[in-house]
Structure formats: C-alpha cells, structure tokens
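Below is one structure, written out as structure tokens; comments come after it.
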Amino acid sequence: MNPPRTDARRHHDPEVRGFASDNYAGAHPEVLAALALANGGHQVAYGEDAYTENLQQVIRSHFGPTAEAFPVFNGTGANVVALQAVTDRWGAVICAESAHINVDEGGAPERVGGIKLLTVPTPDGKLTPELIDREAYGWDDEHRAMPQVVSIAQSTELGTVYTPDEIRAICEHAHAHGMKVHVDGSRLANAAATLDVPLRTFTNAVGVDLLSLGGTKNGALFGEAVVVLDPDGIKHMKHLRKLSMQLASKMRFVSVQLEALLARDLWLRNARHANEMAQRLAEGVRAVHGVEILYPVQSNAVFARLPHDVSERLQKRFRFYFWDEAAGDVRWMCAYDTTEDDVDRFVAALKEEMAR
C-alpha cells in the first residue's frame with residue numbers, strides 16, 4: 001500500500017541538535033506508531049473512549065489501585081488544574097523559589113488559577129520541612145493567604161532529585177499541618193531512572209496526594225496528565241479540567257501516547273538514556289578548564305558557569321539557554337534522542353571556544 005499523500009514539506013534539518021530543552025526533541029517512533037494505531041474510525045469524545053479507559057489501568061499499575069488520571073494538553077495546564085483542585089479561593093501554595101510554577105509558567109497559577117504562591121529560596125531546588133516552615137504559618141490570619149499545599153518538582157528545576165525518604169518527610173510534615181502535597185512531575189521519569197525505583201516508591205507510597213505526570217519531555221508529541229492518588233480526598237477534577245480549557249475533545253490521542261510510554265518500559269528507556277547523556281556531558285565538561293558545574297547532575301540537566309562571551313559564541317553552534325545571564329550560568333538539557341556523538345561534538349566545540 002502506498003503511503004498516504006501529504007502536501008506538507010520538511011522545513012528543518014533533522015540532523016541539527018541542541019541542548020536547550022528536552023522539548024526540542026521530536027516524538028518517539030513508538031509514540032507515533034501508537035497515534036496511528038488510535039486513528040481511524042469513531043471514538044466517543046471528551047475522554048469516554050477506549051484508550052482513555054485503558055489508560056486508567058496503566059496508571060494504576062504504576063501509582064496504586066485508587067489512582068485516577070485526567071489527561072490534559074500540557075504541563076502548565078496540568079499544574080494549574082491540579083493546584084486549583086486542592087486550594088480554596090483564599091488558598092496558597094508553598095514552593096521553591098526556583099520552581100517551574102513560579103518562574104516558567106507566565107504567572108498562570110496565580111493569574112489563571114487564582115492561587116497565591118509562597119516561595120522559599122533553596123540551595124539546590126529542593127524543599128525540606130524546615131524550609132517549608134518559613135511560609136507554613138498564619139492559617140487563622142485573614143490578612144494572609146492560607147497555606148494549603150506544598151508543591152515540589154521531581155526532578156527539580158535545577159536537575160536535582162528528591163529521595164523517597166525526603167518526599168516522605170515533606171508529606172508527613174505537610175499533612176500534619178493540614179496541607180496536601182503536589183508533585184510537578186514533568187520529568188518524573190528521569191527521577192525514577194536516577195533513583196532506580198518504581199514511580200510509586202516516591203509518590204503514593206510516601207504520601208503524595210496528586211501529581212502532574214509529564215509525557216512531552218519524555219517522547220510524547222503532546223499531552224500530560226493530572227494523576228489523583230486519592231480520589232476520595234480530591235473532588236471535581238473533571239469540572240476543573242474543563243473550566244481550565246484542558247479538556248481535549250479527541251482525548252484518545254493524548255491517552256494513547258501516555259499508554260505507549262507507560263504500559264511497558266518506554267518511559268524508563270527514554271529517561272535512562274537522557275540521564276546517561278547528561279552524565280556523559282558532565283564528565284566531558286569537567287575536563288574543560290574554566291567551566292564550573294553548579295549542581296549535582298542527577299537527571300538530564302547540566303547547569304554550568306562559564307565566560308559570557310564563550311557562551312554566546314557556542315550558542316551559534318548549538319542552541320541552549322542562559323539560566324542566569326548576569327552570572328554567566330547556562331543550562332544544557334539532554335533528551336531521549338541525544339546521541340553520544342551529539343555530546344562529544346558539543347564538548348569539543350566548548351573546548352575550542354574556551355581556548356580562543
């Protein structure tokens with residue numbers, strides 16, 4: 001059979017790689033194959049399809065028998081929907097100052113969700129019970145937004161990873177104050193690959209109430225999910241998803257991607273490879289005199305400090321972003337399709353630019 005005709009044209013060079021974001025990578029071939037499998041014929045819209053129904057069983061195999069997934073379009077949408085579900089109109093969320101919900105979502109949790117963020121400076125992107133206590137007070141003070149949720153990212157915005165015991169301590173501390181715990185898991189797979197444990201080990205098993213489950217950064221074309229770990233304690237998710245413009249009419253095409261990633265081990269293969277490439281990159285960078293790695297490399301991110309002019313020249317050869325331009329800090333991200341050759345060519349280019 002001849003392939004279906006298309007009038008589309010390729011507008012990019014597929015050989016060009018960068019280290020700006022794992023979002024730059026295309027969709028994994030197994031995900032694209034799953035999308036084709038789900039195509040054709042009619043399926044009930046708005047989540048009443050066979051693929052979304054089956055996704056629930058896949059999610060429960062990872063997060064326990066009471067878990068329920070609500071597929072959404074993107075990570076910001078997942079975070080806004082999840083945080084709205086566990087806050088009142090007067091509620092607030094405690095998070096790290098560097099958290100994605102604070103620095104990279106255009107104010108959406110506050111402007112769209114109507115949620116006050118109470119931020120805490122951290123040395124490595126990770127909260128602790130002691131750091132949480134800097135903002136965990138004033139529940140009876142009508143002049144202050146009420147802390148109702150602790151939100152952590154796993155892995156964090158700085159590429160660091162919480163251990164299961166660290167998350168357990170946060171959950172116990174938050175619950176003792178009557179607060180719930182949300183995990184921003186856009187790179188949850190990378191954390192699991194680093195820890196070499198199942199996803200449940202640092203989520204439902206240690207007391208997390210709900211999470212945003214990433215797909216796009218790990219090989220999906222689009223789509224994430226809010227995963228509620230205890231539906232009895234968190235109500236009206238389907239209404240909040242629709243209200244927040246995150247209800248996909250053709251939801252089967254979100255659900256089948258998450259199924260393709262999670263039903264077997266594609267999620268873990270992709271995450272392990274991205275992490276391994278970050279380790280290879282870090283090893284190469286450490287050998288370059290004058291470049292400093294800023295944080296432990298525990299997922300698929302490498303943060304470094306180098307001369308500003310070197311970064312600007314290097315950016316003309318490989319795309320990446322400044323993290324703190326004034327300080328000369330940059331972020332280099334690896335993806336599921338980053339190759340050893342990509343890393344080695346980048347390190348060689350870095351050495352050339354440092355030597356100029």
Side-chain angles (χ1 to χ4, degrees), residues 10-32 124-125 155-161 186-187 189-196 214 216-220 261 265-325 327-356:
R10 176 170 278 164
H11 299 288
H12 78 291
D13 180 354
E15 299 302 315
V16 171
R17 302 299 180 92
F19 291 84
S21 173
D22 35 11
N23 283 325
Y24 278 37
H28 193 281
E30 292 180 39
V31 171
L32 290 177
D124 56 2
S155 57
T156 74
E157 197 71 356
L158 301 181
T160 51
V161 170
S186 64
R187 296 186 178 95
N190 300 92
T194 291
L195 295 168
D196 195 25
T216 311
K217 292 177 172 64
N218 198 31
L261 288 169
D265 68 344
L266 180 58
W267 68 277
L268 188 56
R269 283 188 279 129
N270 286 352
R272 279 178 174 163
H273 179 78
N275 290 1
E276 288 168 2
M277 292 303 97
Q279 290 295 333
R280 185 182 185 92
L281 176 58
E283 182 179 349
V285 168
R286 288 189 182 100
V288 181
H289 179 71
V291 182
E292 176 189 2
I293 292 180
L294 300 174
Y295 306 108
V297 180
Q298 297 177 334
S299 57
N300 62 325
V302 178
F303 289 81
R305 180 172 296 160
L306 62 158
H308 191 280
D309 61 326
V310 173
S311 292
E312 287 189 322
R313 293 196 303 269
L314 192 58
Q315 283 177 324
K316 296 177 181 178
R317 303 171 66 173
F318 293 88
R319 183 102 183 222
F320 61 89
Y321 293 120
F322 279 101
W323 187 254
D324 182 342
E325 191 164 2
D329 299 351
V330 299
R331 185 190 74 167
W332 297 320
M333 297 297 301
C334 295
Y336 80 87
D337 63 348
T338 302
T339 67
E340 292 183 356
D341 184 59
D342 294 335
V343 172
D344 295 346
R345 288 190 299 110
F346 181 81
V347 172
L350 173 62
K351 290 178 179 177
E352 290 174 9
E353 296 300 340
M354 287 293 293
R356 284 179 61 180

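Predicted, not measured: the structure shown is a model, and the values here were computed from it.
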Exercise. Do the side chain of Arg331 and the main chain of Ala301 share a donor and acceptor less than 3.5 angstrom apart?
Worked result: no
For this session: May I ask you to check whether over 12 heavy atoms, not counting those of His289, lie within 6.0 Å of atom NE2?
Result: no
Problem set entry | From CA spacing to verdict: salt bridge (Lys or Arg N to Asp or Glu O under 4.0 Å), Arg313, Glu352 | CA-CA 10 Å; Arg313 293 196 303 269; Glu352 290 174 9; over 6 Å; no
For this session: Heavy atoms only: give me the nearest Leu294-Asp329 pair and the separation to one decimal.
Result: CD1-CG, 3.5 Å
Problem set entry | Test item: Met277 and Arg272 side chains (from C-beta on) under 4.5 Å apart, heavy atoms | no
Exercise. Would you say Arg17 and Arg319 make side-chain contact, with heavy atoms under 4.5 Å?
Worked result: no
For this session: Applying salt bridge (Lys or Arg N to Asp or Glu O under 4.0 Å), run through Arg305 and Asp324 and close with a yes or a no.
Result: CA-CA 9 Å; Arg305 180 172 296 160; Asp324 182 342; over 6 Å; no
Exercise. Is the side chain of Ser299 donor-acceptor paired with the backbone N or O of Gly159 at a distance under 3.5 Å, no angle test?
Worked result: yes
For this session: Heavy atoms only: give me the nearest Val288-Gly284 pair and the separation to one decimal.
Result: CG2-O, 3.5 Å
Exercise. In terms of heavy-atom contacts, does CD of Glu312 have more than 12 from other residues, nucleotides or ligands at under 6.0 Å?
Worked result: yes
Problem set entry | Side chain proximity check, Val347 to Asp344, heavy atoms < 4.5 angstrom | no
Exercise. Out of curiosity, Thr160 OG1 to Gln298 CD, how far, rounded to the nearest 0.5 Å?
Worked result: 6.0 Å
Seminar exercise, completed: Closest heavy-atom pair, Pro14 versus His12, reported as atoms and distance to 0.1 Å, is CD-O, 3.3 Å
For this session: Report the C-alpha distance between Glu353 and Arg356 in whole Å, list the side-chain angles of each, state the deciding distance to 0.1 Å, and finish with yes or no for salt bridge (Lys or Arg N to Asp or Glu O under 4.0 Å).
Result: CA-CA 5 Å; Glu353 296 300 340; Arg356 284 179 61 180; 3.1 Å; yes
For this session: Please work out which of the three classes, parallel, tilted or perpendicular, describes the rings of Trp323 and Phe303, given edges at 30° and 60°.
Result: perpendicular
Problem set entry | Ring centre gap for Tyr321 and Trp332 strictly below 6.0 Å | no
Seminar exercise, completed: Rounded to the nearest 0.5 angstrom, the NZ-CG distance for Lys351 and Leu314 is 13.0 Å
Exercise. If you measure from the Lys or Arg side-chain nitrogens to the Asp or Glu carboxylate oxygens, is any gap between Glu292 and Arg286 under 4.0 Å?
Worked result: no
Exercise. Do Leu306 and Leu350 come close enough that some side-chain heavy atom pair is under 4.5 Å?
Worked result: yes
For this session: For residues Ala220 and Leu261, report the shortest heavy-atom separation together with the two atoms involved.
Result: CB-CD1, 4.1 Å
Exercise. Looking at NE2 of His273 and CG of Asp337, how far apart are the two atoms once the value is rounded to the nearest 0.5 Å?
Worked result: 7.5 Å
Exercise. At their closest point, which heavy atom of Gly219 faces which heavy atom of Asn270, and how far apart are they?
Worked result: CA-ND2, 4.2 Å
For this session: Under the side-chain contact (heavy atoms from CB on, under 4.5 Å) rule, what do Thr156 and Val161 come out as? Steps first, then yes or no, please.
Result: CA-CA 6 Å; Thr156 74; Val161 170; over 6 Å; no
Problem set entry | Proximity of Phe19 and Phe320 rings by center, below 6.0 Å | no
Seminar exercise, completed: Between the CD atom in Glu325 and the OG atom in Ser311, the distance rounded to the nearest 0.5 Å is 9.0 Å
Exercise. Which atom names give the shortest non-hydrogen contact between Tyr336 and Gly26, and what distance separates them?
Worked result: OH-O, 2.9 Å
Exercise. Would you say Cys334 and Glu276 make side-chain contact, with heavy atoms under 4.5 Å?
Worked result: no
Exercise. Would you say Arg187 and Ser155 make side-chain contact, with heavy atoms under 4.5 Å?
Worked result: yes
Problem set entry | Test item: side-chain donor near acceptor, Asn275 and Asn190, under 3.5 Å | yes
Exercise. Can you check whether His308 reaches Phe322 side chain to side chain, under 4.5 Å on heavy atoms?
Worked result: yes
Exercise. Is there side-chain contact between His28 and Leu32, with heavy atoms separated by less than 4.5 Å?
Worked result: no
Exercise. Is a side-chain donor or acceptor of Tyr295 paired with a backbone partner of Gly125 at a separation under 3.5 angstrom?
Worked result: no
Exercise. Would Glu30 and Arg269 pass as an ion pair if we require N to O under 4.0 Å?
Worked result: yes
